[in-house]
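Worksheet: the structure to be examined is printed underneath.
Treat the numbers as computed from the prediction; the structure is a model and nothing was measured.
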Amino acid sequence: MKKHLIIFTRYPEPGKTKSRLIPILGEKGAANLHRHMTEKTLITVRELQALDPLSIEVRFTGGNLDVMQNWLGSDLIYDAQCFGNLGDRMRNAFETAFHEEKTHIIMVGTDCPFLTVDILVQGFKALEDHAVVLGPAKDGGYYLIGLNHYIPELFQDIPWGTSKVFKTTIKCCQTLNLSVSELPLLSDIDRPEDLESMEFIALKEIENKRVDF
């Protein structure tokens, strides 16, 4: 399979997950929210896999292979994220996948519960005639990045964790003369103010029913 989707996540250990939401949700609540959003992301990706063959890889931090497989299933590819900043870890994941002869690679995080199968289909379709596909987030970052060849420059000198990530990445693409396709703008759930969005009401209702660790 030449199409490959990478999910970036971490094992939902209370106190080490969604730290910016701990003051609002508490350590267990923040971890449970992250767990739910990761599971929702995987459900969406599996729905795509049922329509269009692709390999799925989970790049994780925290935990270990056993706990990740027990949590998300043993039929996925797993690998621990490498050391370094977010850009280093993303670059490494793309480099490895291209080395394994994947040709259309999309990477998503788990902070965007509004990601849909249709958007993923659009992303892979765009990679047929664009070097880069980006899903912009309302906070100035991006919830998805896809490449059809290895471009390490896209992960260097990016102000990760700021509202300038998307714009800086676009400027880098322009400097490199890369064709870019943009997907719909979506919301991330990462900060306390994100919990107040009307879109998030249903998620909060579901989360309140979950059992704590």
task = Would you give the length of the straight line joining atom NZ of K167 to atom OG1 of T162, rounded to the nearest 0.5 angstrom?
result = 10.5 Å

task = Quick one: closest heavy-atom pair of C172 and E153, and the distance?
result = SG-O, 3.6 Å

ask   = Where do A30 and L25 come nearest, in terms of heavy atoms and distance?
value = N-CB, 3.7 Å

request  = Would you indicate whether the side-chain heavy atoms of T96 and E57 approach each other to under 4.5 Å?
outcome  = no

key: Side chain proximity check, I119 to T44, heavy atoms < 4.5 angstrom   = no

ask   = Is the side chain of T9 donor-acceptor paired with the backbone N or O of F60 at a distance under 3.5 Å, no angle test?
value = no

request  = Please tell me if the side chains of I158 and L86 come closer than 4.5 Å, counting only heavy atoms from C-beta onward.
outcome  = no

message = Quick one: does any side-chain atom of Q81 pair with a main-chain N or O of R59 as donor and acceptor, under 3.5 Å?
response = yes

request  = Could you grab the distance from atom CG of L186 to atom CG of D139, nearest 0.5 Å is fine?
outcome  = 11.0 Å

note = Separation between SG (C112) and NZ (K138), nearest 0.5 Å, reads 9.5 Å

query = Between atom CD1 of I106 and atom CG of L134, what is the distance when rounded to the nearest 0.5 Å?
reply = 10.5 Å

query = Which is it for V45 and L48 under the side chain to side chain contact (heavy atoms under 4.5 Å, CB included) test, yes or no, and what are the steps along the way?
reply = CA-CA 5 Å; V45 172; L48 174 64; 5.5 Å; no

ask   = Which residues pass the side chain to side chain donor-acceptor pair (under 3.5 Å) test with D118, sequence neighbours left out?
value = none

key: Hphob cluster co-occupancy, V121 + L42, side-chain heavy atoms under 4.5 angstrom   = yes

request  = For residues D188 and Y143, determine if any side-chain heavy atom of one lies less than 4.5 Å from a side-chain heavy atom of the other.
outcome  = yes

inquiry  = I want to check something: taking the side chain as every heavy atom from C-beta on, are R46 and L76 in contact at a cut-off of under 4.5 Å?
reply    = yes

message = Students often mix this up, so state it plainly: with edges at 30° and 60°, are the rings of Y142 and W160 parallel, tilted or perpendicular?
response = perpendicular

task = Would you kindly confirm whether L144 and Y150 end up in one hydrophobic cluster when ILVMFWY residues are joined by side chain heavy atoms under 4.5 Å apart?
result = no

message = With a 6.0 Å cut-off (strictly less than), is the heavy-atom count around CG of D75, excluding the residue itself, greater than 12?
response = yes

ask   = Which heavy atom of M68 sits nearest a heavy atom of Y78, and at what distance?
value = O-OH, 3.4 Å

query = Does the side chain of I7 reach to within under 4.5 Å of the side chain of L72, using non-hydrogen atoms?
reply = no

remark   = Between E47 and V117 the two heavy atoms that sit nearest each other are OE1-CG2, 3.3 Å

key: S55 side chain to H4 side chain, donor-acceptor N/O pair below 3.5 angstrom   = yes

Any V132 side-chain heavy atom under 4.5 Å of T169 side chain = no

ask   = Shared ILVMFWY cluster between L183 and L54, side chains joined below 4.5 angstrom?
value = yes

request  = Measure across F8 and A93 and return the closest heavy-atom pair with its distance rounded to 0.1 Å.
outcome  = CE1-CB, 3.9 Å

ask   = Do side-chain atoms of K2 reach the backbone of T103 as a donor and acceptor pair under 3.5 angstrom?
value = no

request  = Give a yes or no on whether N177 atom CG has more than 12 heavy-atom contacts from other residues, nucleotides or ligands under 6.0 Å away.
outcome  = no

remark   = Shortest non-hydrogen pair, K3 vs P53, comes out as CB-O, 4.1 Å

query = Do you reckon L5 sits in the same ILVMFWY cluster as L51, going by side-chain contacts under 4.5 Å, direct or chained?
reply = yes

task = Assess whether side chain to side chain contact (heavy atoms under 4.5 Å, CB included) is satisfied between L120 and D52, documenting all intermediate values.
result = CA-CA 11 Å; L120 292 175; D52 188 7; over 6 Å; no

task = Measure the spacing between OG1 of T17 and CZ of R35 and express it to the nearest 0.5 Å.
result = 11.5 Å

task = Start with the C-alpha gap between Y11 and K16, add the side-chain angles, then the distance that decides, and say whether side chain to side chain contact (heavy atoms under 4.5 Å, CB included) holds.
result = CA-CA 9 Å; Y11 184 70; K16 297 183 179 180; over 6 Å; no

request  = Using the rule that two of Ile, Leu, Val, Met, Phe, Trp, Tyr join whenever any of their side-chain heavy atoms come within less than 4.5 Å, decide whether V133 and L185 are in one cluster.
outcome  = no

ask   = Do the non-hydrogen side-chain atoms of I6 and I105 ever get within less than 4.5 Å of each other?
value = yes

request  = Drop me the distance from F98's CZ to N148's CG, to the nearest 0.5 angstrom.
outcome  = 6.5 Å

inquiry  = Under a 3.5 Å distance rule, please check whether N92 uses its side chain to pair with a backbone N or O of R89 as donor and acceptor.
reply    = no

